[in-house]
Amino acid sequence: MRLYNGLTKHQQQLEPLSETVRIYSCGPTVYDQAHIGNLAAYIFADSLRRAISAEGHQVLHVMNYTDVDDKIIARSAKNYPQLEPDQALTELTSKYIAQFNDDMVAIGNQLEAYKFIKATDSIEEMKQLIIELHKAGFAYLADDGVYFSIAKYRQSGKVYGQLSTITDSSTSEARIQNDEYDKATPHDFALWKKQKPGEPAWPLSIDGQDLSGRPGWHIECSAMSQKQLGIPFDIHTGGIDLIFPHHENEIAQSTALHKGPIMAGIFAHNNHVLVDGRKMAKSANNFYTLADIAAKGFEPLALRLMILQTHYRREAHFSWQNLEAAQNRLNNWRATADLVWQANPQMTDIPAISWQEAALQPVMSDNLDTPRAIFLIDQLFGQWNGGISTQDAQQLRQYLISVDSYLGLNLSTTTKLSQESQKLLDERHTARVAEDWATADKLRNQLLKADVEVRDTPQGQIWNHRR
RNA sequence: GGCGCCGUGGCCGAGUGGUUAGGCAGAGCUCUGCAAAAGCUCGUACACCGGUUCGAAUCCGGUCGGUGCCUCCA
C-alpha cells in the first residue's frame with residue numbers, strides 16, 4: 001500500500017509499525033447533524049481501512065466522538081435550559097452520536113470495524129497528559145486555563161508546523177486579532193479551559209490552583225490516540241482543514257514528552273467537498289445532509305459512490321446532477337450484480353478485460369485510487385449485456401465481494417429472484433415463445449410491480465431488481 | 001498580507017510527451033412483437049499567451065480566473 005504522507009509530502013510504502021496497523025481518525029463533533037462534507041472524511045477513512053485490511057493486515061481503527069467543546073456546550077445550554085450543564089451536554093451528544101452512527105451505516109461505513117471512544121470517557125488521560133506537560137515545562141497556567149508553549153516546544157529541539165509548513169509571520173497578524181484568550185504568544189493554544197458560569201466542568205488542580213473546567217479540543221485527540229494506540233501509531237486521518245491547527249497541535253502535545261518519532265508515521269488528509277465551487281460548510285450555509293439527499297430520492301450509497309469517484313486528495317464537487325449520475329451508475333452496477341443468478345450455459349463470453357486486469361487491489365493500494373477502481377468496474381461490467389456464462393457468473397460473484405470489501409457498496413448482497421417472480425418470469429417465457437404478446441406484456445408489468453425489471457435478449461430474458 | 005491548491009467537452013472524471021479513457025446526461029440510428037440499463041454513431045475537450053521539442057492537455061515561464069488554510073471546521 002502506497003500512501004501520500006502529509007508529513008513528508010511524498011508517497012510512501014505503508015510499513016506497519018507492528019503486526020496491527022493502527023489508525024486514528026478524527027471523528028465528529030457531535031452537536032448537530034453531519035453534512036456531506038463531514039461524511040466524505042469518514043468515507044475516506046473507511047475506504048483507507050478497507051484497503052489496508054484487504055491487503056491482509058490486521059487493523060485497529062480508532063475514531064473519537066468529540067463530545068465536549070465550546071459549540072457543544074453552547075448548543076446544549078440552548079436546547080436544554082432546564083437541565084444541569086452536564087446533563088444537557090449528555091442529552092445533546094448522545095442524540096447526535098446515535099444520529100452519526102446511523103449515518104455511518106447508511107453511507108456504507110463498517111461501524112463494527114471501529115473502536116469508538118468519547119472524549120468525556122478519557123478526561124483522566126487528558127488531565128494526566130496536561131499535568132505531565134506542565135511538569136516538563138511545556139505548559140503554563142493563565143487566568144482562563146492552561147496553555148501549551150510553542151516556544152518551549154521548539155527550544156526542546158522539536159519542530160512545530162511540519163504538516164502545514166506554517167511560519168510565525170504568516171499567522172501572527174491574523175491570529176492576534178482573533179485572540180480571545182490569555183496566551184503568552186499567538187501560536188500557543190489551550191490545553192484546558194477554566195469553567196465559566198453555567199458550563200459543565202471536571203475538576204483539575206495544578207500547583208494548588210483550582211482549574212476546574214474542560215479540556216481543549218486538541219488535547220482530546222492526543223490523549224485518546226495515545227491511550228488507544230500508543231506512540232507512535234501508523235496513520236492519522238482527517239480533513240485537510242484539520243492540518244492546522246488541530247493536527248499540528250496534536251503532534252506537539254503528543255511528541256513533547258517523547259524522544260524519537262512523532263505521534264504518527266503517516267498523516268493522510270482528504271480534500272473538501274465543494275458546492276458551486278466553494279467548500280461545503282455549516283458556516284457558509286451551503287451544506288446538505290443525508291436527509292436532504294433522501295428527500296430527493298437518492299440513496300446514501302449513491303453519495304458514497306459520488307465521493308469515491310474523486311480521488312481523496314482532490315476536491316470533490318457536489319451537485320444534484322453529479323449525484324444523479326452516481327445513483328445511475330450504482331443502479332447499473334446492481335443490475336450487473338443480479339447476473340450472478342442468471343448464468344447462461346449457452347454463453348461462452350470471456351471478458352475482454354481480464355479478471356486480472358480488473359483486480360482492484362493494485363489500484364487501491366496505489367494511494368487509494370478509487371476513480372481508477374471505478375473505471376475498471378465500469379469496463380468489466382459493461383460486457384455482459386447479452387448474458388453471462390456460468391463461469392463468468394461464478395467469478396463475478398467473487399469479484400463483487402472484492403468490490404464490496406474495497407468500496408462498501410453492498411453489491412454482493414444481491415438476492416435471488418423470489419419464487420413468485422421466477423414463476424411469472426417462466427410464464428412470460430412461455431408466452432413469448434407462443435408469441436402471446438399481450439400476456440407477455442401483462443406479466444412484465446406484474447414483475448415491475450414486484451420491482452423486477454425484465455429485458456429480452458437473443459439469449460432470453462434478463463432481469464434485475466429495481467432498487 | 002503569509003503558505004497552498006486548482007482550471008479537461010452539458011455534469012463528473014482519468015490521462016505526466018506521440019493511438020478515441022470512462023461514467024452520467026443529450027441527439028440520431030439499429031436490433032427487438034413491443035420494450036429495455038441492448039448495439040452503433042455524434043457533439044471532434046484540455047483557461048490564455050509565450051517557450052522547449054519532430055511532436056504538449058501532459059515539461060518551463062508568464063497572464064487571467066477560481067478556491068483552500070492562516071478563526072470553530074471533515
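Naming: A, B, ... by sequence-line order, numbering from 1 per chain. Side chains included, hydrogens not; waters and symmetry mates left out as well; all remaining heavy atoms used. Worth saying up front: this structure is predicted, and the values here are computed from it rather than measured.
- If you check every strand for non-hydrogen atoms under 4.0 Å, A:Met280 touches a base.
- No hydrogens or angles were tested; on distance alone, nothing pairs the side chain of A:Asn332 with the base of B:C24 as donor and acceptor under 3.5 Å.
- Residue A:Arg278 places at least one side-chain N or O under 4.0 Å from the OP1 or OP2 atom of B:U67.
- Across all strands, A:His317 comes closer than 4.0 Å only to sugar-phosphate atoms, never to a base (heavy-atom distances).
- For the side chain to side chain donor-acceptor pair (under 3.5 Å) with A:Arg214, the lone residue among A:Glu220, A:Glu199, A:Gln195 that qualifies is A:Glu199.
- Between the P atom of B:C72 and the CG atom of A:Asp69 lies a distance of 10 Å, rounded to the nearest Å.
- Each of A:Asp369, A:Asn367, A:Asn271 was checked for a side chain to side chain donor-acceptor pair (under 3.5 Å) with A:Tyr312, and the lone residue meeting it is A:Asn367.
- Nearest-nucleotide mapping onto RNA chain B: of A:Thr310 and A:Asn385, the residue sitting toward the 5' end is A:Thr310.
- Going from atom CD of A:Gln11 over to atom P of B:U16 covers 13 Å, rounded to whole Å.
- Distances shown here put a side-chain N or O of A:Arg314 below 4.0 Å from the OP1 or OP2 atom of B:A14.
- A close approach under 4.0 Å does occur between a side-chain nitrogen or oxygen of A:Thr29 and OP1 or OP2 of B:A74.
- Within 4.0 Å (heavy atoms only), A:Ala335 reaches at least one base atom of the nucleic acid.
- Across all strands, A:His311 comes closer than 4.0 Å only to sugar-phosphate atoms, never to a base (heavy-atom distances).
- Base engagement by A:Gly37 is indicated by at least one non-hydrogen atom pair under 4.0 Å involving a base atom.
- Counting non-hydrogen atoms under 4.0 angstrom, A:Asn328 reaches the backbone sugars and phosphates but no base.
- Note on A:Lys279: every side-chain N or O is 4.0 Å or more away from OP1 and OP2 of B:A74.
- You can call A:Trp437 stacked on the base of B:G33; the centres are under 5.5 Å apart and the planes sit within 30°.
- We find that CE of A:Met306 is positioned 23 Å from P of B:G22, with the value rounded to whole Å.
- Contacts of A:Ser319 with the nucleic acid, taken as non-hydrogen atoms under 4.0 Å apart, involve only primed sugar atoms and P, OP1 or OP2.
- OP1 and OP2 of B:C12 both lie 4.0 Å or more from every side-chain N or O belonging to A:Asn322.
- Distances shorter than 4.0 Å separate none of the side-chain N or O atoms of A:Ser164 from OP1 or OP2 on B:C3.
- Here A:Gln379 lies in heavy-atom contact (under 4.0 Å) with sugar-phosphate atoms only.
- The side chain of A:Asn271 places no N or O atom within less than 4.0 Å of a non-bridging phosphate oxygen (OP1 or OP2) of B:C5.
- Among the heavy atoms of the strands lying under 4.0 Å from A:Tyr42 are primed sugar atoms or P, OP1, OP2 only; no base atom is included.
- Sequence order on RNA chain B of the closest nucleotides to A:Ala438 and A:Ile36 puts A:Ala438 first from the 5' end.
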